[in-house]
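One structure is given here, and the rest of the page talks about it.
First listed ligand is number 1; within each ligand, the first listed atom is number 1.
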Amino acid sequence: MPLNADTLIDTARALMAPGKGILAMDESLGTCNRRFAQVGIGQSEENRRRYRELLVTAPGLASHISGAILFEETLYQRTADGVPFVEVLQAAGIVVGIKVDAGAQPLAAFPGERITEGLDGLRERLKAYAGQGARFAKWRAVLNITEQLPSRFAIQANAQALARYAALCQEARVVPIVEPEILMDGDHSLARCQAVTTEVLAQVFEQLHQHRILLEGMILKPNMVLPGQDSPVTATLEAVAQATVESFLRTVPAAVAGIAFLSGGQSSPLATAHLNAMHQGAPLPWPLTFSYGRALQDEALHVWAGDDAHVERAQQALVQRARCNGAAAQGQYHPSMEN
Ligand code: 5MM
């Protein structure tokens with residue numbers, strides 16, 4: 001067992017607490033600004049701070065949220081009253097996490113594909129983030145499906161970067177969330193998404209093994225297996241759940257501390273219903289929960305729309321989504337909870 005095993009396992013277990021999931025609020029500047037622009041919110045550091053204060057101070061959030069992934073800027077921000085966001089989260093019992101990748105860039109010589117950057121200097125950055133209170137981290141690789149893509153090379157290059165990141169995290173006693181996201185863009189079938197997801201996960205776990213990752217001290221953040229968003233065919237909840245679980249059973253070792261899904265652009269209720277459907281079959285070898293960004297925040301952001309008079313309602317919308325997803329993570333969600 002590696003030196004930091006107990007700390008890593010304790011943190012990973014805390015993140016996968018039954019009936020809870022992870023709030024992804026780590027949008028980088030470009031993504032956050034784009035989402036603000038869609039609802040007419042000005043793009044400034046102060047507006048990002050105000051919005052994220054609304055999220056971390058939402059009353060009752062910790063009943064359904066075990067951890068929050070922050071963007072670097074947010075890790076150092078404070079409430080209007082001067083309390084560091086990190087302290088607000090810790091006081092509520094929410095584990096602090098940090099996005100450490102530097103984003104996906106074009107993969108040279110592989111048109112249409114991307115590689116995630118950010119490994120240079122990561123050891124030092126992790127030390128600083130851990131000193132600031134971060135106990136887990138996240139790195140997102142992005143792959144897309146076309147008739148020819150993803151290439152084997154892009155899958156392997158991204159899997160290797162994910163594993164190198166995970167090894168540096170565990171060295172720093174920080175639990176790595178390993179996020180290989182296969183985008184929903186395109187008109188591919190459910191079967192094609194399943195084949196690509198299975199291949200990507202197989203390569204990721206091969207690299208994690210080669211890099212000597214403690215599986216009990218890491219969390220996987222995958223996409224669900226879905227038809228492309230332009231596909232003319234709609235898959236049922238049961239078909240998505242079955243294809244997703246099947247893919248994981250074939251590739252994800254039982255020792256992994258847990259699986260926490262990204263929502264990837266699904267509507268909020270659909271992301272909840274899919275998670276719930278995955279819990280209706282035979283018992284699974286790993287806890288299965290959510291680490292949603294848009295599917296937790298969309299309604300709250302639209303309700304707030306930059307107006308402090310709407311903070312309370314926006315917080316209620318966030319906690320309501322977290323409550324529905326917390327129930328789904330135990331297979332106990334029902335659409336009537338939406339009311
Ligand atoms: C896929 O995005 C992650 C999960 O969010 P969704 O549930 O909305 O799909 C999310 O954590 C993402 O990694 C962050 O928002 C950072 O993304 P950018 O594009 O800003 O690096």
Give the residues near ligand 1 by chain and number, with the criterion being a heavy-atom distance under 4.0 Å. Ala24, Asp26, Glu27, Ser28, Thr31, Lys99, Lys138, Arg140, Glu179, Glu181, Lys221, Leu262, Ser263, Gly264, Tyr292, Gly293, Arg294
With no hydrogens and no angle check, do the side chains of Thr74 and Arg48 hold a donor and an acceptor under 3.5 Å apart? no
So salt bridge (Lys or Arg N to Asp or Glu O under 4.0 Å) across residues 107-126, not counting sequence neighbours, yields Arg123-Glu171
Surrounding CD of Glu299 (heavy atoms of other residues, nucleotides or ligands, distance under 6.0 Å), is the total greater than 12? no
Report the distance from atom CG of Leu126 to atom OH of Tyr165, rounding to the nearest 0.5 Å. 8.0 Å
Residue set satisfying side chain to side chain donor-acceptor pair (under 3.5 Å) with Asp298, at least two apart, ordered chain then number -> none
Set of residues satisfying side chain to side chain donor-acceptor pair (under 3.5 Å) with respect to Thr289, sequence neighbours excluded: none
